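Please read the structure below before turning to the comments.
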Amino acid sequence: MANEEPQILQMHDLHPAPGAKKNRIRVGRGEGSKGKTAGRGAKGTKKRYQVRPGFEGGQLPLYMRLPKLRGFKSPFKQEYQVVNIAALNELFPKGGEISVEDLVKKGAVRSGYPVKILGDGDTQLAFTIKGVKASASAKAKIEAAGGSISE
């Protein structure tokens with residue numbers, strides 16, 4: 001025993017452990033074992049073949065009953081809250097300096113959204129408006145009355 005050399009494990013010596021390998025069950029190959037219905041039970045659609053997901057038994061399926069998606073909405077679109085010059089005349093009868101915060105306090109716009117002044121109406125008051133966009137006609141009318149707009 002002391003003179004024996006250690007044995008080297010060879011590829012041809014490898015084999016699975018006893019009981020580790022089983023033959024697969026061959027269903028539907030005669031009535032000896034798992035034949036006839038092949039483990040699917042008796043009768044019915046599911047026993048004959050599988051139906052695809054969403055199949056409603058011949059009824060017009062939901063994905064065909066609903067309308068197609070139409071159009072496109074840009075996730076980057078800027079929605080401006082608009083204020084006309086006529087509204088500025090009513091809210092600020094003395095004119096003066098106006099910011100977005102002042103418009104929010106008066107209830108003309110909601111906070112957190114960009115504001116744009118539009119040119120509907122006339123004014124003789126000098127408005128100094130800060131932090132808003134303005135249409136070309138609104139800018140012309142305000143500057144003609146002695147006011148200014150800065151973005």
Side-chain angles (χ1 to χ4, degrees), residues 1-88 90-92 95-121 127-143 147-151:
M1 285 236 173
N3 293 349
E4 277 188 32
E5 290 185 31
Q7 283 197 333
I8 299 171
L9 189 64
Q10 302 280 324
M11 284 294 287
H12 61 265
D13 293 331
L14 296 175
H15 62 276
K21 284 186 71 107
K22 288 184 177 180
N23 293 337
R24 70 182 179 87
I25 298 169
R26 298 177 69 231
V27 296
R29 298 293 187 277
E31 294 188 22
S33 160
K34 295 273 187 192
K36 197 172 162 260
T37 53
R40 289 173 179 260
K43 297 185 179 177
T45 307
K46 290 182 182 174
K47 316 310 173 202
R48 300 174 204 283
Y49 56 87
Q50 288 294 331
V51 294
R52 61 179 164 68
F55 183 70
E56 297 185 30
Q59 175 177 308
L60 193 68
L62 181 67
Y63 71 87
M64 288 176 76
R65 293 196 301 259
L66 297 175
K68 289 181 181 175
L69 177 67
R70 300 205 184 263
F72 165 77
K73 285 203 174 193
S74 171
F76 307 109
K77 182 180 177 184
Q78 280 272 335
E79 284 278 344
Y80 285 96
Q81 297 186 87
V82 296
V83 179
N84 283 302
I85 291 178
L88 288 178
E90 290 175 24
L91 293 170
F92 303 96
E97 198 169 301
I98 302 170
S99 66
V100 177
E101 289 78 29
D102 297 329
L103 290 168
V104 171
K105 283 179 190 167
K106 294 275 186 173
V109 294
R110 287 178 292 166
S111 62
Y113 297 95
V115 178
K116 187 166 187 176
I117 308 294
L118 300 183
D120 189 21
F127 293 118
T128 307
I129 306 172
K130 293 185 177 178
V132 298
K133 279 195 175 290
S135 67
S137 63
K139 199 166 193 172
K141 288 178 184 180
I142 290 171
E143 287 174 354
S148 65
I149 292 182
S150 60
E151 290 185 30

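Owing to the predicted nature of the structure, the values given are computational and were not obtained by experimental measurement. Only heavy atoms go into these numbers, but all of them, side chains included; no hydrogens, no water, no symmetry mates.
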*Please report the shortest heavy-atom distance between Phe92 and Phe127, naming the atom on each side.*
O-CE2, 3.6 Å
_Sole residue of Ile98, Asn84, Ile85 in side-chain contact (heavy atoms from CB on, under 4.5 Å) with Ile117_ = Ile85
_What's the separation between atom CG in Leu88 and atom CG in Asp120, rounded to the nearest 0.5 Å?_
11.0 Å
_Nearest atoms (heavy-atom pairs only) where Ser135 meets Gly119_ = OG-N, 3.6 Å
*Do Tyr80 and Val109 touch side chain to side chain, with heavy atoms closer than 4.5 Å?*
no
*Shortest non-hydrogen contact from Lys34 to Ile25?*
CG-CG2, 3.7 Å
_Any donor-acceptor pair under 3.5 Å from Lys141 side chain to Gly121 backbone_ = yes
*Of the non-hydrogen atoms in Ala38 and Val27, which two are nearest, and what is the gap between them?*
CB-CB, 3.8 Å
*asked:* Restricting to non-hydrogen atoms, name the atom on Ala108 and the atom on Leu91 that form the minimum distance, rounded to 0.1 Å.
replied: CB-CD1, 3.5 Å
*asked:* Return the CD to NZ distance between Glu97 and Lys130, rounded to the nearest 0.5 Å.
replied: 4.0 Å
*Please report the shortest heavy-atom distance between Glu56 and Pro61, naming the atom on each side.*
OE2-CA, 3.4 Å
_More than 12 heavy atoms of other residues, nucleotides or ligands under 6.0 Å from NZ of Lys47: yes or no?_
yes
*asked:* Strictly distance-based, threshold 3.5 Å: is any side-chain N or O of Arg40 a donor or acceptor partner for the main-chain N or O of Arg48?
replied: no
*Out of curiosity, Lys139 NZ to Ile129 CD1, how far, rounded to the nearest 0.5 Å?*
11.0 Å
*Interatomic spacing from CG in Leu103 to NZ in Lys106 - rounded to 0.5 Å*: 10.0 Å
*Side chain to side chain, Arg65 and Gln59, heavy atoms closer than 4.5 Å*: yes
*How about Glu31: does its CD atom have over 12 heavy atoms from other parts shown lying under 6.0 Å from it?*
no
*CG of Leu62 to CE of Met64: how many Å apart, nearest 0.5 Å?*
11.5 Å
